[in-house]
Protein chains: 2
Amino acid sequence: MKTAESVPTEVVQQVAEYFGVLSEPMRLRLLNLLRDGEKCVQDLVEATQTSQANVSKHLKVMLQAGILTRRSEGTSAYYSVTDDLIFELCTLVCDRLASRIEQQAQYFRAFSLTSKQ
Amino acid sequence: MKTAESVPTEVVQQVAEYFGVLSEPMRLRLLNLLRDGEKCVQDLVEATQTSQANVSKHLKVMLQAGILTRRSEGTSAYYSVTDDLIFELCTLVCDRLASRIEQQAQYFRAFSLTSKQ
DNA sequence: TCTATCTATTACTCCATTGTCATACAAGGT
DNA sequence: ACCTTGTATGACAATGGAGTAATAGATAGA
């Protein structure tokens, strides 16, 4: 049986880093833009309304995390998502967050009933 | 059809925060310790070998993120995991990381073959 | 009541990361 | 060759978060 202490530090570290990549709004936005397919840096800059340097940096982070793939064409660099697990994770989290909000709404409705009359 | 720009900033922000909670090794260690069931702060302090203040802080973060539940008993505070989605997410990520490492191993083996003779 | 234990919180330092600016590099077109 | 465009990188300031030490509060027991 697996005990808590049996999980190596290295593993915990890497899992934390993976989640860390997904813990930045700008990176999530970039990933969402890459849902349709590969895009070059300039496309992403225009879509995100931030600096080109910033986009390149975030792309580099995700590239090194093994989430993206890079393809050079002329002076442009095209990035695409290689690891669809990311979208799966985002879907799971979004659904859970939505459920919570709905649950909150139910609490309000229940209170509304007890307050009636 | 959903376009990239249609995702509200607030949603992206919250998803990022959710992943952010899971992006700290100490928190993952605490969650792993809570796999078996609820534990009090002191138990977690002894198991993680860090300060009590640090454990309380991380627990608070996860409590506010809706991941944990708190139960008071005497002077002790017992925490337990309410959102099992977390373990599901960790499992998915761990499996993916394991696959990557195995893939890397395959590359080494393939190179070993091409280098033979 | 006094003490001991357990937990939460504050103030503080330290480290990591984000975003920006400027610059360097590479490739195409004129 | 020159210029333009697209991308990557380094330095920098600002921000945020982790960890620690000290302290306060709460509860059980003597």
Asks: Do the side chains of Y78(A) and S76(A) get nearer than 4.5 Å, heavy atoms only?
Replies: yes
Asks: dT5(C) C1' sits how many Å from E73(B) CD, rounded?
Replies: 15 Å
Asks: For a quick check of understanding: with a heavy-atom distance under 4.0 Å over all strands, which category does A77(B) fall into, base, sugar-phosphate or nothing?
Replies: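 Sugar-phosphate contact only - A77(B) comes under 4.0 Å of backbone atoms but never of a base.
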Asks: Flag the pair L89(A) / F19(B) as yes when at least one side-chain heavy-atom distance between them is below 4.5 Å, and no otherwise.
Replies: yes
Asks: How many whole angstroms separate atom NE2 of H58(A) from atom C1' of dT17(C)?
Replies: 9 Å
Asks: Just verifying a value: how many Å separate Q103(A) CD and R96(A) CZ, rounded to the nearest 0.5 Å?
Replies: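 Nearest 0.5 Å value for the CD-CZ distance: 11.0 Å.
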Asks: Once you round to the nearest 0.5 Å, how far does CG of L97(A) lie from CG of L92(A)?
Replies: 11.0 Å
Asks: What integer distance in Å separates L59(A):CG from dG19(C):C1'?
Replies: 14 Å
Asks: Would you kindly give the CG-to-P distance between L44(A) and dA8(D), to the nearest whole Å?
Replies: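 Checked: the CG to P distance equals 11 Å.
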Asks: Take the protein atom CG of L63(A) and the nucleotide atom C1' of dT7(D), then report the distance between them rounded to whole Å.
Replies: 13 Å
Asks: It should be established whether Y79(A) places a side-chain nitrogen or oxygen under 4.0 Å from OP1 or OP2 of nucleotide dG6(D).
Replies: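 False: Y79(A) side-chain N/O out of range (4.0 Å or more) of dG6(D) OP1/OP2.
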Asks: Distance alone, cut at 3.5 Å: any donor-acceptor contact between the side chains of E10(B) and Q14(B)?
Replies: yes
Asks: Can a side chain N or O of Q42(B) be found less than 4.0 Å away from OP1 or OP2 on dT5(C)?
Replies: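 Q42(B) to dT5(C) OP1/OP2: no side-chain N or O under 4.0 Å.
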Asks: OH of Y78(B) versus P of dA26(D): gap in Å, rounded?
Replies: 20 Å
Asks: Can you check whether any acceptor in the base of dT20(C) is under 3.5 Å from a donor in the side chain of K57(A), or vice versa?
Replies: yes
Asks: Between Q49(B) (CD) and dG19(D) (P), how many Å, whole number?
Replies: 14 Å
Asks: Does dT7(C) have its OP1 or OP2 closer than 4.0 Å to a side-chain nitrogen or oxygen of R70(B)?
Replies: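 No, R70(B) has no side-chain N/O under 4.0 Å of OP1/OP2 on dT7(C).
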Asks: If you check the N54(B) side chain, which of dG6(D), dG19(D), dC6(C) turns out closest?
Replies: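 Selected nucleotide: dG19(D).
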Asks: Across the strands shown, which category fits T50(B) at heavy-atom distances under 4.0 angstrom: base, sugar-phosphate, nothing?
Replies: sugar-phosphate
Asks: Nearest to the S51(B) side chain among dT20(D), dT18(C), dA8(C), which nucleotide is it?
Replies: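 Looking only at heavy atoms from C-beta outward on S51(B), the closest nucleotide is dT20(D).
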Asks: Closest approach to the side chain of T75(B), judged atom by atom: which nucleotide of dA18(D), dA26(D), dA8(D) is it?
Replies: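 For the T75(B) side chain, the nearest candidate turns out to be dA26(D).
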Asks: Heavy atoms from C-beta onward define the side chain here; which of dT9(C), dT7(C), dT7(D) lies closest to that of A53(B)?
Replies: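 Comparing dT9(C), dT7(C), dT7(D) against the side chain of A53(B), the answer is dT9(C).
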Asks: When you measure from the side chain of E24(B), which nucleotide among dA18(D), dG19(C), dG19(D) comes out closest?
Replies: dA18(D)
Asks: To the nearest Å, how far apart are K39(A) NZ and dG6(D) C1'?
Replies: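 In whole Å, dG6(D) C1' and K39(A) NZ are 18 Å from each other.
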Asks: Go through dA21(D), dT7(C), dT9(D) for me and flag the one nearest to the Q52(B) side chain.
Replies: dT7(C)
Asks: Quick one: is dA8(C) close enough that its OP1 or OP2 comes under 4.0 Å of any side-chain N or O from K60(B)?
Replies: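 So the side chain of K60(B) is outside the cut-off, no N or O lying under 4.0 Å from OP1 or OP2 of dA8(C).
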Asks: Applying side chain to side chain contact (heavy atoms under 4.5 Å, CB included) to E88(B) and L85(B), what does each step give before you reach the verdict?
Replies: CA-CA 5 Å; E88(B) 190 178 344; L85(B) 171 64; 3.9 Å; yes
